[in-house]
Chemist: 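My structure is below; once you've seen it, I'll send some questions.
We name chains A, B, ... by the order of the sequence lines, and we start the count at 1 in each one. Values below: all heavy atoms of this structure, side chains included; hydrogens, waters and symmetry mates excluded. Bear in mind that the values here come from a model prediction, so they are computed numbers and not experimental data.
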Amino acid sequence: MLDPRLVRTDLDAVAKQLARRGFQLDTAAFAELEARRKAVQSRTQELQSERNARSKSVGQAKARGEDVTPLLAEMQGFGDELKRNEQQLDAIQRELEDLLLNIPNVLDGDVPDGASDADNREMFRWGEPRCFEVPPKEHFDLGTALGGMDFEAAVKITGSRFVTLQGPLARLQRALTQFMLDMHTTEHGYVEAYVPFMVNADSLRGTGQLPKFETDLFKLVRDPPYYLIPTAEVPVTNLVRDEIVEADRLPLKWVCHTPCFRSEAGSYGKDVRGMIRQHQFEKVELVQITRPEDSSAAHEALTAHAEAILKKLDLPFRRVVLCAGDTGFSSAKTYDLEVWLPGQNAYREISSCSNFRDFQARRLRARWRNPDTGKPELAHTLNGSGLAVGRTLIAVMENYQDGEGRVVVPDALLPYMGGLRTIG
RNA sequence: GGAGAGGUGGCUGAGCGGUUUAAAGCGGCGGUCUUGAAAACCGUUGAUGGGAGACCAUCCGGGGGUUCGAAUCCCUCCCUCUCCGCCA
């Protein structure tokens, strides 16, 4: 959520900022609603003040043993007007809140203009894509031929956009997970977290998935509803919801491995084959909570932590900065890491690292105590995939295929594979 | 699932219809003392919203109600703890 005070006082400038993303802020409607809020709020508070004063004098008169019936008679009908105003104010504030919750974050100044992913700007490439003597296969062809990667079984068990893994490929996915967790905890200073895979609506509102993106989520039939997490970002970032963190504890750095569940509504026909786009996938997530002045540096560091995994696995990748139109709702600036997939002959997203500034923190009421002022102030939140494990599995399979249908285990994963050097 | 006890400021915890505008302690901040620090002592210290400001309003788990007036009474939901039962 944006700072309501900022939106109020600098409406046109905010609208101009948001237009970069293609978001149309109805400034006239907002200004009108805000004017009504102000009028009704002043009137309501006036009435409340009067009620408090009169009630107090009733109490005092009673204490002196005086007859209070004339005082009470004077207040006939007073409560009705107050109640009307309070209800009106409540409705207006709800409307304002609804409006504010649906406004995306303002972008950092260095986010490039652009409308879609076609306008994202490549910053650099790392690693040389291998030359293959025979055309490299896609992971699903490799996996089904090797055995152990079975999409049909998943369709039978559940439906489309799921997969089953068995044997060495299942182990390879676990090895990748362990490797990532070990790197981030021992070399990058993250604390490992285990969290619920179902969350309540408040948590999703806090990180920005609700109210706008409910159709992307799996909702459980229950009252009140729970939702399957679309990313560990939700439960982990919500660790600081309604908290005031002491300054000396910052930055908070968590790494967390969870399954992620996404309905993929609206992605019909996209990446229908293979493991690229599934309803359920494994991800290792990095989350940081920082002081406001530290978040830009933390964003660079966190992205480098995700890149370190790709480098250790010797997987070619590139970093792109998302353009204005492609940056997510809650994010002020996002880097995507795209890994080279020889089978697709393309770079594909494997990590997304975002700085949310105080946008999530305001929704979460996630604060820290600033020692300079002694006051609680909004913290900054960041997160990034470190990495999407399912897609890393794909990348390893495609980049490490030997041309004869086998997959060589990357050196970095050997300690996790129980001596297995080749799959197939 | 059964029985009981509770949810109050950063934390502990008192208050159970009207001098509570939420006591007290801890912690934090400032000061005295000290070469420095600790201890001791003195002072100070909740959050959110509105207002240029003096100030005003709201907040005692969430929502609703009773009342001139609710942290306090009523309804409802959520959560925590203790005992019993069941269970990976």
Chemist: Should we say atom CE of Met198(A) is surrounded by more than 12 heavy atoms from elsewhere, each under 6.0 Å from it?
Modeler: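 Result for CE/Met198(A): open.
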
Chemist: If you measure from the P atom in rC42(B) to the same atom in rC74(B), how many Å do you get, rounded?
Modeler: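 Comparing P positions in rC42(B) and rC74(B) gives a spacing of 42 Å.
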
Chemist: Rounded to the Å, how far apart are Asp242(A) CG and rG9(B) C1'?
Modeler: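 The answer, rounded to whole Å, is 14 Å.
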
Chemist: If you look at every strand shown and take non-hydrogen atoms under 4.0 Å, does Pro376(A) touch a base, only sugar-phosphate, or nothing?
Modeler: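 Counting heavy atoms under 4.0 Å across all strands, the contact made by Pro376(A) is with sugar-phosphate only.
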
Chemist: Look at Lys62(A) and rU67(B) and indicate whether a side-chain polar atom (N or O) is within less than 4.0 Å of OP1 or OP2.
Modeler: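 No, no such contact exists.
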
Chemist: Find the distance Gln93(A):CD to rA57(B):P and express it as a whole number of Å.
Modeler: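 The answer, rounded to whole Å, is 16 Å.
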
Chemist: In whole Å, what separates the P atom of rA57(B) from that of rC75(B)?
Modeler: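 Each nucleotide's P atom is 31 Å from the other's.
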
Chemist: Any strand is fair game: report the nucleotide pairing with rU35(B) by Watson-Crick or G-U wobble, both distances under 3.5 Å, or none.
Modeler: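 For rU35(B), the partner nucleotide comes out as none, under the 3.5 Å rule.
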
Chemist: In whole Å, what separates the P atom of rG15(B) from that of rG63(B)?
Modeler: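 Comparing P positions in rG15(B) and rG63(B) gives a spacing of 25 Å.
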
Chemist: Is the terminal nitrogen or CZ of Arg222(A) (NZ for Lys, CZ for Arg) located under 6.0 angstrom from the six-membered ring centre of Tyr226(A) and within 45° of that ring's axis?
Modeler: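 Because its charged atom sits under 6.0 Å from the ring centre and within 45° of the axis, Arg222(A) does stack over Tyr226(A).
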
Chemist: To the closest 0.5 Å, what do you measure between CE (Met180(A)) and NE2 (His257(A))?
Modeler: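 Atom-to-atom, Met180(A):CE and His257(A):NE2 are 9.5 Å apart.
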
Chemist: Mind checking who rG49(B) pairs with, Watson-Crick or G-U wobble, both distances under 3.5 Å?
Modeler: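 Answer to the pairing question: rC56(B), which forms a Watson-Crick or G-U pair with rG49(B).
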
Chemist: Whole-Å distance between rC56(B) P and Arg43(A) CZ?
Modeler: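 It is 18 Å, rounded to the nearest whole Å.
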
Chemist: Which comes earlier along RNA chain B counting from the 5' end, the contact point of Glu34(A) or that of Lys375(A), where each point is its nearest nucleotide?
Modeler: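 The residue mapped nearer the 5' terminus is Lys375(A).
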
Chemist: Once you round it to whole Å, what is the distance between P of rC68(B) and CZ of Arg54(A)?
Modeler: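 These atoms are roughly 13 Å apart.
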
Chemist: Would you indicate what Arg367(A) reaches in the nucleic acid, counting non-hydrogen atoms under 4.0 angstrom: base, sugar-phosphate, or nothing?
Modeler: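 Arg367(A): backbone/sugar contact only, no base atoms under 4.0 Å.
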
Chemist: Could you identify the nucleotide paired to rU67(B), looking across every strand shown and requiring Watson-Crick or G-U wobble geometry with both distances under 3.5 Å?
Modeler: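 None - no nucleotide pairs with rU67(B), as no candidate has both distances under 3.5 Å.
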
Chemist: Distance check needed: rA57(B) C1' versus Gln88(A) CD, whole Å only.
Modeler: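 Going from Gln88(A) (CD) to rA57(B) (C1'), I get 17 Å.
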
Chemist: For the side chain of Arg363(A) and the backbone of Arg205(A), is there at least one donor-acceptor N/O pair under 3.5 Å apart?
Modeler: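 Present.
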
Chemist: Both distances under 3.5 Å, Watson-Crick or G-U wobble: report the partner of rC26(B), or none.
Modeler: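 When the pairing criteria are applied, rG10(B) turns out to be the nucleotide that pairs with rC26(B).
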
Chemist: Whole angstrom is fine here: how far is it from OH in Tyr226(A) over to C1' in rC78(B)?
Modeler: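 Nearest whole value for this atom pair: 9 Å.
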
Chemist: Once you apply a heavy-atom cut-off of 4.0 Å, does Lys38(A) come out as touching a base, just sugar-phosphate, or nothing?
Modeler: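 Counting heavy atoms under 4.0 Å across all strands, the contact made by Lys38(A) is with sugar-phosphate only.
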
Chemist: Calculate the interatomic distance between Asp80(A) atom CG and rG65(B) atom P; express it in whole Å.
Modeler: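 Going from CG in Asp80(A) over to P in rG65(B) covers 13 Å.
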
Chemist: Parallel, tilted or perpendicular: which describes the rings of His188(A) and His305(A), with under 30° parallel and over 60° perpendicular?
Modeler: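 Rings of His188(A) and His305(A): parallel, as their planes differ by under 30°.
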
Chemist: Is the CD atom of Glu293(A) crowded by more than 12 outside heavy atoms at less than 6.0 Å?
Modeler: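 Check passes, neighbour count above 12.
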
Chemist: Taking atom C1' in both rA70(B) and rC16(B), what distance in whole Å separates the two?
Modeler: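 Pairwise C1' distance, rA70(B) against rC16(B), rounds to 10 Å.
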
Chemist: With a 3.5 Å limit on both atom pairs, tell me what rG17(B) is paired to, counting Watson-Crick and G-U wobble, or say none.
Modeler: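 No nucleotide pairs with rG17(B).
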
Chemist: If you round to the nearest 0.5 Å, how far is CG of Asp271(A) from CD1 of Ile276(A)?
Modeler: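 Those atoms lie 5.5 Å apart.
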
Chemist: Classify Arg37(A) by what it touches in the nucleic acid, base, sugar-phosphate, or nothing, heavy-atom distance under 4.0 Å.
Modeler: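 If one applies the 4.0 Å heavy-atom cut-off, Arg37(A) turns out to touch the sugar-phosphate alone, with no base involved.
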
Chemist: Want to settle it: does Arg5(A) or Arg369(A) sit nearer the 5' end of RNA chain B, counting the closest nucleotide to each?
Modeler: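 Comparing both residues, the 5'-ward one is Arg369(A).
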
Chemist: Could you please name the option among rU66(B), rC68(B), rG49(B) that lies closest to any side-chain atom of Gln41(A)?
Modeler: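 Nearest listed nucleotide: rG49(B).
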
Chemist: Which whole number of Å gives the distance between the C1' atom of rU66(B) and that of rC84(B)?
Modeler: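 Their C1' atoms lie roughly 38 Å apart.
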
Chemist: Return the nucleotide paired to rC86(B): Watson-Crick means purine N1 to pyrimidine N3 with N6-O4 or O6-N4, wobble means G-U with N1-O2 and O6-N3, both under 3.5 Å.
Modeler: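 Paired with rC86(B), as far as the under-3.5 Å criterion goes, is no nucleotide at all.
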
Chemist: Taking pairing as Watson-Crick or G-U wobble with both contacts under 3.5 Å, can you name the mate of rU80(B), or confirm there isn't one?
Modeler: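 Its partner is rA5(B) (Watson-Crick or G-U wobble, both distances under 3.5 Å).
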
Chemist: Touch check for Ile244(A), heavy atoms < 4.0 angstrom, all strands: base, sugar-phosphate only, or nothing?
Modeler: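 The residue Ile244(A) makes sugar-phosphate contact but no base contact.
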
Chemist: If only side-chain N and O atoms of Ser49(A) are considered, is one of them under 4.0 Å from the OP1 or OP2 phosphate oxygen of rA57(B)?
Modeler: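 For rA57(B), OP1/OP2 do have a side-chain N/O of Ser49(A) under 4.0 Å.
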
Chemist: Can you tell which of rU58(B), rG49(B), rC68(B) lies closest to the side chain of Arg51(A)?
Modeler: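 Shortest atom-to-atom distance from the side chain points to rU58(B).
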
Chemist: Quick one: does any side-chain atom of Asn85(A) pair with a main-chain N or O of Leu47(A) as donor and acceptor, under 3.5 Å?
Modeler: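 No, because the side chain of Asn85(A) does not come within donor-acceptor range (under 3.5 Å) of the backbone of Leu47(A).
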
Chemist: Could you tell me how far rU8(B) sits from rA52(B) if I compare only their P atoms? Round to whole Å.
Modeler: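 Comparing P positions in rA52(B) and rU8(B) gives a spacing of 36 Å.
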
Chemist: Between rU19(B) and rG69(B), how far apart are the two P atoms, rounded to whole Å?
Modeler: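 rU19(B) and rG69(B) have their P atoms separated by 15 Å.
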
Chemist: Taking CZ from Arg249(A) and P from rG27(B), how many angstroms apart are they, rounded to a whole number?
Modeler: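 Atom CZ in Arg249(A) sits about 19 Å away from atom P in rG27(B).
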
Chemist: Mind checking the C1' distance from rC33(B) to rA39(B)? Whole angstroms is fine.
Modeler: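 Per the computed distance, 11 Å lies between those C1' atoms.
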
Chemist: Side-chain N or O of Asn52(A) less than 4.0 angstrom from OP1 or OP2 on rU58(B)?
Modeler: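 Answer is yes, contact under 4.0 Å.
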
